[in-house]
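Each chain gets a letter, A, B and so on, in the order the sequences are listed, and its residues count up from 1.
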Protein chains: 2
Amino acid sequence: MAYTSPGETRKKIYDFVRDRILGGMPPTTREVQRAFGFRAVQSARQHLEKLVVDGKLAKTGGRSRSYRLPEFGKASPPQLIAMLGRVQAGELTEAMEDPPEYIMVQTRFDGDELFALAVEGESMLHAGILPGDIVIVRRQPTANTGDIVVALVGDEATVKRYRERDGRVELHPENEAFSPIIPREDGAPFSLLGKVIEVRRTVE
Amino acid sequence: MAYTSPGETRKKIYDFVRDRILGGMPPTTREVQRAFGFRAVQSARQHLEKLVVDGKLAKTGGRSRSYRLPEFGKASPPQLIAMLGRVQAGELTEAMEDPPEYIMVQTRFDGDELFALAVEGESMLHAGILPGDIVIVRRQPTANTGDIVVALVGDEATVKRYRERDGRVELHPENEAFSPIIPREDGAPFSLLGKVIEVRRTVE
DNA sequence: TGACATAGCAGACAAATGTCTGTTTTATGG
DNA sequence: CCATAAAACAGACATTTGTCTGCTATGTCA
């Protein structure tokens with residue numbers, strides 16, 4: 001292969017490896033070699049190891065396809081969480097669909113119990129939460145004023161903004177067309193399911 | 001290894017492989033063998049190939065670490081995409097942060113080029129897109145009326161609703177406080193970067 | 001009990017893969 | 001031009017890995 005100016009091929013190799021990692025299949029040393037037409041494995045290996053030393057890439061071990069993007073090593077591992085569905089007898093159950101649906105999330109709160117829920121209704125419109133949005137919820141029994149929470153009011157799971165006033169819990173919609181819920185006064189069975197930590201919406 | 005009832009070990013192997021795939025490092029045949037204490041490679045291999053036949057797993061090729069999760073319905077292969085940042089000289093560049101950030105997405109559009117972008121400004125407020133939200137964009141040169149798109153107008157990347165009227169392209173905000181952009185008339189260099197396919201917001 | 005499918009074992013081979021030592025060629029800056 | 005660092009090459013070795021053929025052991029069910 002023709003000699004290139006210092007750093008030129010290195011950059012291309014980095015891009016190549018990065019794309020492969022992003023595509024889900026990190027290359028082997030020899031795949032890099034072939035992709036760049038090197039006649040020696042060491043040519044590819046030298047570049048790869050240099051990229052590791054420079055902090056551009058990380059290597060998880062001496063095994064095959066073990067080059068990774070460095071920040072991904074530090075970041076919390078991806079986690080599959082279940083999509084919950086309708087409410088039945090006061091308990092959230094998994095959605096009816098036969099193949100249970102999972103959502104992949106990466107959260108810094110590792111070890112917390114998470115679940116996902118499809119939002120119904122427009123009561124949180126002004127908070128940028130639309131019907132059909134998926135909220136990712138961290139299960140917790142309490143909340144702070146200002147948190148967006150998922151609560152079980154009667155048989156229905158609702159997304160609302162949590163507020164404590166005069167020692168009373170209030171659940172506020174973010175839409176003038178809806179009224180706040182004050183659990184004790186309304187008399188409906190109430191329980192806090194958790195706090196919304198992420199909102200997702202698939203467009204079209 | 002002790003003999004187990006039919007399907008029992010198979011299920012455990014599936015869970016093991018699934019977790020490894022989700023963790024970003026699909027196992028080799030022999031890694032499965034060791035993980036389950038098989039004394040023969042073939043034992044692991046038989047289970048793996050059976051899982052492929054049953055449609056529980058997929059294999060992309062005869063190379064190492066090539067077992068994958070089959071595409072089930074809409075959400076399948078986890079994919080890391082890069083967070084793009086500010087605009088420089090008419091081209092979107094990777095964010096300034098030295099270690100570029102990545103986001104994990106699962107899309108039914110496999111093979112498409114995706115990128116992510118942090119939204120600035122409140123021009124799409126009424127579409128439920130707030131400042132700080134992350135939009136995930138599929139790179140494409142054209143769009144249909146009604147699509148939410150990311151376009152390069154001058155030096156700035158903007159999120160707007162795309163509309164064609166009388167053969168003219170219009171970019172509409174979803175907030176009365178902002179005005180539509182009509183590229184040709186405004187004279188600013190214009191190019192369509194892609195279509196927004198998902199919106200994400202981390203709460204708190 | 002016996003047939004049959006599944007689970008598991010043994011051993012092997014070719015190719016793929018990570019790694020190594022040493023040499024040659026080229027770009028670059030003084 | 002020369003010294004130096006980087007780029008590329010050559011050849012090799014030990015493992016790892018995918019794959020194969022043939023065999024034994026066990027659970028299931030009629």
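- Of the listed nucleotides (D:dG18, D:dA8, C:dG18), D:dG18 has the atom at the smallest distance from the side chain of B:Thr28.
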Any chance you could lay out the side-chain contact (heavy atoms from CB on, under 4.5 Å) test for B:Ile103 and B:Ile134, step after step, and finish with the verdict? CA-CA 10 Å; B:Ile103 283 191; B:Ile134 305 295; 3.5 Å; yes
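- Here the CG atom belonging to A:Asp19 is positioned 15.5 Å from the CE atom belonging to A:Met25, to the nearest 0.5 angstrom.
- Across all strands, A:Ser64 comes closer than 4.0 Å only to sugar-phosphate atoms, never to a base (heavy-atom distances).
- The residue among A:Gln42 and B:Lys50 whose nearest nucleotide of DNA chain C is located toward the 5' end is B:Lys50.
- With hydrogens and angles ignored, no donor-acceptor pair closer than 3.5 Å exists between the side chain of A:Arg45 and the base of C:dG18.
- Distance, B:Tyr14 OH to C:dA7 P: 17 Å, rounded to whole Å.
- Across D:dA10, D:dT19, C:dT19, the shortest atom-to-atom separation from the side chain of A:Arg39 is found for D:dA10.
- Among the nucleotides D:dT21, C:dT19, D:dA25, the one closest to any side-chain atom of B:Tyr3 is D:dA25.
- Taking the charged nitrogens against the carboxylate oxygens, B:Arg20 and B:Glu31 do have a contact shorter than 4.0 Å, which makes a salt bridge.
- Under the 30°/60° scheme for interplanar angles, the aromatic rings of B:His47 and B:Phe38 are found to lie parallel.
- Distances from the side chain of B:Glu31 to the nucleotides D:dA25, D:dT17, C:dT21 place D:dT17 closest.
- Side-chain proximity of A:Arg10 to C:dG8, D:dA7, D:dG18: nearest is D:dA7.
- Remark: of the listed residues B:Val159, B:Leu152, B:Val137, B:Leu152 is the sole one forming a side-chain contact (heavy atoms from CB on, under 4.5 Å) with B:Leu193.
- Comparing D:dA8, D:dT19, C:dG8 against the side chain of B:Thr9 picks out C:dG8 as the nearest.
- Distance, B:Leu48 CG to D:dC20 P: 14 Å, rounded to whole Å.
- As a whole-Å value, the separation of B:Arg65 CZ from D:dG18 P is 8 Å.
- Closest to the B:Glu49 side chain, of the nucleotides D:dT19, C:dT17, C:dC9, is D:dT19.
- The residue among B:Arg63 and B:Ala40 whose nearest nucleotide of DNA chain C is located toward the 5' end is B:Ala40.
- Contact between the side-chain N/O atoms of B:His47 and the OP1/OP2 oxygens of C:dG8 is found at a separation under 4.0 Å.
- Comparing B:Thr29 and A:Phe38 by the nucleotide of DNA chain D that holds the closest heavy atom to each, the one mapping nearer the 5' end is A:Phe38.
- No side-chain N or O of A:Ser64 forms a donor-acceptor pair with one of A:Thr28 less than 3.5 Å apart.
- Nucleic acid contact for A:Thr4: sugar-phosphate only, since backbone atoms but no base atoms lie under 4.0 Å from a heavy atom of the residue.
- Remark: the A:Tyr3 side chain and the A:Glu8 side chain contain no N/O donor-acceptor pair separated by less than 3.5 Å.
- Computed from C1' positions of five pairs at each end, the angle between the two local axes of the helix from C:dT1-D:dA30 to C:dG30-D:dC1 equals 40°, rounded to 10 degrees.
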Between A:Arg161 and A:Glu174, is the salt bridge (Lys or Arg N to Asp or Glu O under 4.0 Å) condition met? List the steps. CA-CA 8 Å; A:Arg161 196 172 291 275; A:Glu174 302 249 331; 2.5 Å; yes
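- The side chain of A:Gln46 has D:dA7 as its nearest neighbour among C:dT19, D:dA7, D:dT17.
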